[in-house]
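Computed from heavy atoms alone, side chains included, the values below leave out hydrogens, waters and symmetry copies. Counting from 1, the numbers follow the sequence of the chain as shown.
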Amino acid sequence: MIVKVIAVRLKSIYHGNPGFEYQGAKVLNSGLEKRDPALRNITEALYERGVEYSIDDCSLYWFLIEDDNDCQFYLGLNEVELAFEAEWFESEKARIRGFAGQRYYSACEDIAQGWSIKDQTRPISYTLPSRSAA
């Protein structure tokens, strides 16, 4: 099982659990950006880089999930903006933990700079594909 941090576009955070369950994942935590200062700063840096606050009335929500799918699987889903392994993220946070003020924020910006941003004009789809279509 791989534990991942995933940023996903949803109308409501409450749509996350059923969506991830549909993919066979277990949600370990949601709303991570509210409790994690590094993730909050990274999210702000992403907005500054051009990530939209809302697409098709869908906001960005962060989840900690666990399943056998790799991050590339989730990155292939239209609703998912970012996906990375939690273990990697914990090591990045440990690396910058002693930083303060602007140095800490700059380190978070550097992390955000390392990711590709998806097309922010794409429509977000809510129709789950049928399992037989796969």
Side-chain angles (χ1 to χ4, degrees):
M1 297 295 250
I2 305 167
V3 179
K4 293 166 280 303
V5 177
I6 300 200
V8 62
R9 297 263 177 206
L10 301 168
K11 294 241 185 217
S12 165
I13 195 168
Y14 301 109
H15 295 152
N17 280 351
F20 285 117
E21 285 175 8
Y22 180 82
Q23 300 299 338
K26 177 181 178 183
V27 174
L28 303 175
N29 211 330
S30 61
L32 298 178
E33 71 282 6
K34 293 179 170 91
R35 294 180 297 281
D36 188 310
L39 196 53
R40 190 170 37 251
N41 287 335
I42 288 168
T43 303
E44 280 304 313
L46 289 168
Y47 289 143
E48 289 174 14
R49 284 190 58 210
V51 170
E52 294 292 333
Y53 285 92
S54 179
I55 298 175
D56 284 348
D57 295 323
C58 295
S59 297
L60 194 62
Y61 297 99
W62 291 90
F63 289 83
L64 184 68
I65 67 165
E66 179 179 49
D67 66 6
D68 290 325
N69 294 316
D70 63 12
C71 292
Q72 288 303 315
F73 169 80
Y74 284 102
L75 288 171
L77 300 177
N78 187 48
E79 296 83 2
V80 174
E81 289 288 350
L82 293 164
F84 47 88
E85 290 189 20
E87 184 177 322
W88 170 83
F89 188 51
E90 289 302 318
S91 70
E92 286 297 297
K93 289 192 308 185
R95 180 181 63 80
I96 65 173
R97 189 161 284 128
F99 297 0
Q102 185 59 41
R103 185 174 179 212
Y104 184 80
Y105 186 76
S106 293
C108 292
E109 283 182 317
D110 290 344
I111 292 169
Q113 289 293 327
W115 294 317
S116 297
I117 294 175
K118 287 186 173 183
D119 177 4
Q120 298 297 290
T121 62
R122 73 190 188 281
I124 303 296
S125 170
Y126 296 102
T127 306
L128 293 175
S130 67
R131 291 201 181 262
S132 61

Residue list, side-chain contact (heavy atoms from CB on, under 4.5 Å) with Ala86, at least two apart or on another chain = Val3, Val5, Leu64

Non-neighbouring partners of Ser106 that pass side chain to side chain donor-acceptor pair (under 3.5 Å), sequence neighbours left out = Gln102

Is the backbone N or O of Leu39 less than 3.5 Å from a side-chain atom of Lys93, with the two atoms forming a donor-acceptor pair by type?
-> no

Spell out, yes or no, whether Val8 and Tyr74 are grouped together once hydrophobic residues are joined by side-chain heavy atoms under 4.5 Å, including indirect joins.
-> yes

Is the number of heavy atoms from other residues, nucleotides or ligands under 6.0 Å of Glu87 CD greater than 12?
-> no

Going by atom types alone, do Trp62 and Thr43 pair a side-chain donor with an acceptor below 3.5 Å?
-> yes

Any sub-3.5 Å donor-acceptor pair from Asp56's side-chain atoms to Pro123's backbone N or O?
-> no

Which residue pairs pass the salt bridge (charged side-chain N to carboxylate O under 4.0 Å, His left out) test with at least one member in residues 103-123, sequence neighbours excluded?
-> Glu81-Arg122

Going only through I, L, V, M, F, W and Y residues with side-chain contacts under 4.5 Å, is there a path from Leu60 to Phe63?
-> no

Of all residues at least two apart in sequence or in a different chain, which pass the side-chain contact (heavy atoms from CB on, under 4.5 Å) check with Ile117?
-> Arg49, Val51, Gln120

With sequence neighbours excluded, what pairs up with Tyr14 under the side-chain contact (heavy atoms from CB on, under 4.5 Å) test?
-> Ser12

With hydrophobic residues grouped by side-chain heavy-atom distances under 4.5 Å, do Ile2 and Val80 end up in a single group?
-> no

Excluding sequence neighbours, so at least two apart, what forms side-chain contact (heavy atoms from CB on, under 4.5 Å) with Ala112?
-> Ile42, Ala45, Leu46

